[in-house]
There are 2 protein chains.
Amino acid sequence: MSERNGTNEEGSVKSRLVRAAVKLFVSRGYAATSVREIVEEAGVTKPVLYYHFQSKEGIYLHVMEAAFSKMGAIVETDMAQGGSPRARLGRLADDLFALFETRVNEARLWYAIYYGPPQGAPFFDFDSNHKKVVDAVRRLLEEGIAAGEFAPGNLDDLTWIYLGVFNMAMELRLIGGHPELGDADYKRMLELVMDGFARGVGSRR
Amino acid sequence: MSERNGTNEEGSVKSRLVRAAVKLFVSRGYAATSVREIVEEAGVTKPVLYYHFQSKEGIYLHVMEAAFSKMGAIVETDMAQGGSPRARLGRLADDLFALFETRVNEARLWYAIYYGPPQGAPFFDFDSNHKKVVDAVRRLLEEGIAAGEFAPGNLDDLTWIYLGVFNMAMELRLIGGHPELGDADYKRMLELVMDGFARGVGSRR
DNA sequence: GTCTATACAATGATAGAC
DNA sequence: GTCTATCATTGTATAGAC
């Protein structure tokens, strides 16, 4: 039963290569990581990497896709669930932040490539995934206004304010030196923002 | 008068090298940029770079310091000015955003190195500059509360919410695909946030 | 200060044996 | 599937002439 599942088995050469690539791309960046370092970390030789993936670009794309598919799955799952819009907004933030917490290191690579220079890395479509999250937040805010949980206001402004605070919480975890900022703190900040939305801060003219 | 000012003259070899390095570090990243590309872009040969700067790291540090010194200067200037705390907070955001607008490309490099893997680039002290901005915002919020412009609240929460929205505005400019987000939009969002602070959203218990 | 020419290690990738 | 051995190219950096 060596082919029981579609993905890699625990200690297989392929999965060891992926783990090594993640570790090195994350700690050094794409361009600064060499194929030699990856295969040494994985305890194999170069041709093994070129056999399983076709190139350095190939293993990079494999790593990125594996990490991002989870995010899309969370959004879809959460949007299919019930509850009040405000409660669902909080749950979505919780689940996304929990995923982020388990992959803080990968997230450093996402940020570097998404906001920064491409580093010579092949194109990866962040935007379609990012858009899923933005659309979900906007829709929940819209439903919250319709349900009377939030006061009417410019939907774009509310969306970006909410995501701005959420994003800030992630970035504070990303950089060192902010160890005291935990789950409770970011949750409290998001509740403050939603309190503001409920009281009609978004309805400024 | 070839040595009239302390910095580089307009078309000097040194300044041409700096401009070329900025352009390439910004568009490709530090690790993915080669010394050969820099000198070709500047129209000189390799030894010229090694003569003026000592290494690839040397010209990188020169580039980073030049850009960041401006940010510290803005914070210090704005903090020395008068006006109500809320008005000063708005002015600080304006001035920092204006600097950011003139250097969107450099900002991409800052984000990549600050939040992402080091790319093999030498250490650069972002945090002391970043801390200046954070401290300024926190102090203005504190003064605003003392003056009765803002309702009392958790100062850390207010600071990060404000900076989160400010930061989101910058990041939306950083990535393509959000062309419609201009000065007026981000200013309106920050005013909404300060409205919330004024009405006491931060005083949740 | 700027050039030509080059040293020399490391890079991504492959051929061919097993 | 995995190895040894090696390719051509590019990388940072320098010696030495002008």
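In what follows, every chain begins at residue 1, and chains take the letters A, B, ... in the order their sequences are listed. Just so we're clear, the structure is a prediction, and the values are computed from it rather than from any experiment. FYI, side chains are in, hydrogens and waters are out, and symmetry mates aren't considered; it's all heavy atoms of this structure.
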Sequence neighbours excluded, which residues qualify as side-chain contact (heavy atoms from CB on, under 4.5 Å) partners of Ala21(B)?
-> Phe25(B), Ile38(B), Ile59(B), Val63(B)

Could you give the CG-to-P distance, from Leu49(B) to dG1(C), as a whole number of Å?
-> 15 Å

CD of Glu40(A) versus P of dA10(C): gap in Å, rounded?
-> 11 Å

Are Thr45(A) and dT2(D) close enough that a side-chain N or O sits under 4.0 Å from OP1 or OP2?
-> no

OP1 or OP2 of dT11(C) less than 4.0 angstrom from a side-chain nitrogen or oxygen of Ser34(A), does that happen here?
-> yes

Under the salt bridge (charged side-chain N to carboxylate O under 4.0 Å, His left out) rule, collect the residues that match up with Lys23(A), sequence neighbours excluded.
-> Glu41(A)

Rounded to whole Å, the CD1-C1' distance (Ile59(A) to dA13(C)) equals 14 Å

Please list every donor-acceptor pair under 3.5 Å in which a side-chain atom of residues 158-166 of chain A meets a protein atom from a residue at least two apart or in another chain.
| unit_1 | atom_1 | unit_2 | atom_2 | d |
| --- | --- | --- | --- | --- |
| Thr159(A) | OG1 | Leu155(A) | O | 2.7 |
| Tyr162(A) | OH | Leu89(A) | O | 3.4 |

Nearest-Å distance for atom pair CD/C1', residues Glu37(A) and dA10(C) | 10 Å

Would you check if the distance from the ring center of Tyr30(A) to the ring center of Tyr60(A) is below 6.0 Å?
-> yes

What residues, two or more places apart in sequence or in another chain, satisfy salt bridge (charged side-chain N to carboxylate O under 4.0 Å, His left out) together with Asp135(A)?
-> Lys131(A)

Enumerate, atom names and distances included, each donor-acceptor pair closer than 3.5 Å involving a side-chain atom of residues 137-147 of chain A, sequence neighbours excluded.
| unit_1 | atom_1 | unit_2 | atom_2 | d |
| --- | --- | --- | --- | --- |
| Arg138(A) | NH1 | Asp156(A) | OD1 | 2.1 |
| Glu143(A) | OE1 | Arg88(A) | NH1 | 3.0 |

Could Asp195(A) and Arg86(A) be called an ion pair, given the rule that one side-chain N must be under 4.0 Å from one carboxylate O?
-> yes

Proximity to DNA chain D (any heavy atom under 4.0 Å), residues of residues 117-124 of chain B only | none

Ser84(A): partners by side-chain hydrogen bond (donor to acceptor under 3.5 Å, both in side chains), with sequence neighbours left out = Glu149(A)

Of the candidates dC3(D), dT4(C), dT11(C), the side chain of Arg36(A) sits closest to dT11(C)

How does protein reach along nucleotides 13-18 of chain D, written 5' to 3' as B (base within reach of a heavy atom under 4.0 Å), S (only sugar-phosphate), or - (no contact)?
-> BBB---

Ring pair (Phe, Tyr, Trp, His ring centres under 6.0 Å) with Phe53(B): which residues, sequence neighbours excluded?
-> His62(B)

Using whole Å, report how far CG of Leu17(A) lies from C1' of dT2(D).
-> 12 Å

